[in-house]
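Take a look at the structure set out below.
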2 protein chains.
Amino acid sequence: MAGIRDVARLAGVSQATASRALSGKGSVSARAREAVTAAASELGFVMSYHASSLASGRSHNIGVVLPFVNRWYFATLLEGANSALMDAGYDLTLYDFQGDRYRESVLGDFLLRKRLDGVLAVSLQLNAHETEQILAAGIPVVGVGGPLPDIPTLRIDDVEVGRRATNHLISLGHSRVAHLGGEHEYGRNFEISSGRRAGYEEAMAAAGLPLREAWSLISDYSANDAYKETKQLLADAEERPTAIFCASDEMAFGAMLAARDLGLRIPEELSVIGVDGHEMGEILGLTTIDQFPRNQGTRAVERLLALVQDDGQAAAGPADELMETRLLVRHSTSAPRIPAGHSGS
Amino acid sequence: MAGIRDVARLAGVSQATASRALSGKGSVSARAREAVTAAASELGFVMSYHASSLASGRSHNIGVVLPFVNRWYFATLLEGANSALMDAGYDLTLYDFQGDRYRESVLGDFLLRKRLDGVLAVSLQLNAHETEQILAAGIPVVGVGGPLPDIPTLRIDDVEVGRRATNHLISLGHSRVAHLGGEHEYGRNFEISSGRRAGYEEAMAAAGLPLREAWSLISDYSANDAYKETKQLLADAEERPTAIFCASDEMAFGAMLAARDLGLRIPEELSVIGVDGHEMGEILGLTTIDQFPRNQGTRAVERLLALVQDDGQAAAGPADELMETRLLVRHSTSAPRIPAGHSGS
DNA sequence: TTGAAAGCGCTAACAA
DNA sequence: TTGTTAGCGCTTTCAA
């Protein structure tokens with residue numbers, strides 16, 4: 001329970017010098033620095049971050065806001081953010097909305113408590129009032145997968161992702177391509193889901209291929225829900241597509257299992273492509289568009305810390321940043337080889 | 001940026017009364033309370049938690065320490081902890097070891113910074129020095145799945161879990177039962193993995209069944225690693241088991257996929273049972289022992305907050321608490337029905 | 001490079 | 001029930 005005052009006393013310097021020596025800010029003679037560090041370690045001194053934060057206005061604490069910790073994409077991005085924050089000596093305060101359950105209390109209460117140096121907002125959409133409120137609190141914010149107006153954001157080009165995934169299937173010779181995308185829920189993921197869907201529709205149109213309403217499915221991004229939707233879709237042998245583009249790998253897992261349970265072989269009778277880069281895709285042989293979520297988390301923290309440390313003044317780099325994706329071809333996609341007995345229309 | 005002093009002034013009371021009115025502690029007349037809350041909302045007052053923490057010694061902030069956010073069990077438990085903490089108005093500071101990568105810095109540095117009212121330690125093992133250090137810091141700790149000597153812990157009976165899973169297979173008529181368990185790494189999960197393994201061995205012995213070294217596998221709890229191990233195990237038709245007990249559902253997923261890729265039907269040619277209660281088990285039809293991780297997280301927080309709020313004095317309930325599990329039978333287990341052409345030894 | 005001194009914005013005795 | 005008065009343990013001007 002030794003305080004900095006005890007350290008200073010033992011080192012034979014003033015409290016101010018001790019503080020400077022320990023924080024590295026301000027100039028301190030080598031001799032004083034040594035005396036202070038020696039005293040500190042002898043006493044087992046650990047600084048009170050409350051006191052430090054109160055006096056300095058910096059808390060070395062970043063809030064991470066996301067809709068679900070329990071989805072692979074978010075958990076993996078969180079891991080990347082965690083690494084970058086640990087390395088920088090920052091604490092990470094987690095705000096998991098759990099859907100919308102805590103959205104309001106986090107946005108209207110927790111985030112405003114001024115104990116954060118900055119906020120990382122993942123897949124979050126804010127209305128005008130919410131944006132204003134949070135910016136008025138003076139907290140630097142960086143978003144991932146926004147869009148958050150007036151807030152620097154990292155994103156992938158979701159339209160491009162949808163187009164590329166769909167074109168991969170089309171270029172293999174598929175003309176009957178379905179899409180399983182996310183919900184159009186307000187306040188979350190909207191642009192992501194609709195971007196990927198727009199890319200799908202664009203690619204289909206560009207190739208002169210028909211869009212059918214029955215081939216455009218919506219699910220909640222979970223494997224289980226995707227399983228149900230896909231099973232329904234594939235049950236009708238006459239009407240079913242030969243390929244499906246899923247907006248996430250977890251959805252693709254569900255789709256693959258549904259196909260297998262219907263006795264359809266992948267990729268012979270159904271090609272499946274996902275988005276994310278989930279490790280489990282390896283053992284399923286899932287073709288996907290990898291978006292390197294871990295890297296997104298790390299990069300977002302770098303951006304945020306730059307903002308925080310420049311005192312919110314200079315934005316480091318362009319306001320918005322497009323992150324890289326990569327088409328990763330495995331065994332779940334191939335040219336359509338529909339066995340005899342199955343007909344297309 | 002209004003402070004409590006401004007609120008007090010506008011309400012026409014002293015700062016102390018304003019503080020009491022806002023915190024609900026101490027007695028305040030109805031009239032004063034109204035005046036204060038009115039003034040506070042008029043000014044858009046938000047308390048500085050740094051100042052409050054410094055003055056009161058309570059930070060309303062709980063640290064959660066776990067080895068991987070990206071494993072289903074941990075993410076789900078975290079979700080439960082998050083709910084309980086949000087409901088109680090507490091912040092959650094996340095410390096993700098990412099294996100062992102940040103173990104040392106979290107334990108030796110971050111946790112000691114005295115900004116936490118308590119710590120929830122999940123699947124963590126501490127050596128004597130570490131335990132002493134953390135207890136010396138005066139932070140209340142509750143563990144899940146310890147064991148942490150001198151620290152109240154919630155756990156399931158892992159030996160019982162292993163025994164029950166194995167006995168389920170044995171009672172179906174299996175005599176060739178393999179086990180895919182976790183690593184024996186120091187500092188993490190050790191007791192959990194070895195407990196489940198011990199239960200398996202106990203059940204086999206009690207039934208007079210042979211243990212084979214080749215049937216006792218170790219993996220890192222991931223589906224991918226489990227896939228590799230299982231594929232190896234099952235490749236030899238002469239030597240392979242008819243059932244496998246996996247120490248987690250994610251492992252079981254890997255095992256099921258490996259079996260399918262070898263053309264083995266589940267459950268006819270291989271029965272699989274897991275542990276956890278992963279939702280995705282539904283679509284795979286995985287039989288499992290559900291351990292309700294979400295509930296574990298919630299319950300652990302309740303215990304911890306009781307400790308914190310009782311000022312570390314009275315432990316609420318017994319020091320250690322055994323959590324419930326449930327055998328959930330689906331379609332991945334049945335009596336062995338080995339097709340002709342395959343032989344047992 | 002150093003020290004003295006004044007807070008940071010709140011809470012908690014204590015006395016009234 | 002209320003107000004006065006000290007702090008909580010640091011950081012940071014400012015002057016030396």
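So that the names make sense, note that chain A is the first sequence line, chain B the second, and so on, each numbered from 1. All values below were derived from every heavy atom in this structure, side-chain atoms included, with hydrogens, water molecules and symmetry-related copies excluded.
- Summary of helix geometry: the two end axes of the helix from C:dT1-D:dA16 to C:dA16-D:dT1, each defined by five base pairs via their C1' atoms, are inclined to each other by 30° (rounded to 10°).
- Atom CZ of A:Arg58 and atom C1' of C:dC8 are 14 Å apart (whole Å).
- Within the 4.0 angstrom heavy-atom criterion, base atoms lie near A:Ser27.
- Once rounded to the nearest 0.5 Å, the distance linking CG of A:Leu112 with OH of B:Tyr49 reads 10.5 Å.
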For this session: Spell out protein contact along nucleotides 9-16 of chain C as letters: B when the base is contacted, S when just the sugar-phosphate is, - when no protein heavy atom is under 4.0 Å; keep the 5' to 3' order.
Result: BBBBB---
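- Shortest non-hydrogen contact noted between A:Met86 and B:Ser105 is CE-OG, 3.9 Å.
- Residues passing the side-chain contact (heavy atoms from CB on, under 4.5 Å) test with B:Ala40, sequence neighbours excluded: B:Val7, B:Leu22, B:Phe45.
- Counting only residues at least two apart or in different chains, salt bridge (Lys or Arg N to Asp or Glu O under 4.0 Å) contacts with residues 15-39 of chain A are absent.
- The two residues B:Ala51 and A:Leu54 have their closest heavy-atom pair at CB-CD1, 3.8 Å.
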Donor-acceptor contacts, no H, no angles, side chain residues 133-155 of chain A, under 3.5 Å, sequence neighbours left out:
unit_1	atom_1	unit_2	atom_2	d
A:Thr153	OG1	A:Ile151	O	2.9
A:Arg155	NH2	A:Asp320	OD2	3.3

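- Between B:Glu130 and B:Arg103, at least one side-chain N (NZ, or NE/NH1/NH2) sits under 4.0 Å from a carboxylate O, which counts as a salt bridge.
- Judged as a side-chain contact (heavy atoms from CB on, under 4.5 Å), and not counting sequence neighbours, the contacts of B:Gln98 are A:Glu79, A:Asn82, A:Ser83, A:Arg294, B:Asp96, B:Arg101, B:Tyr102.
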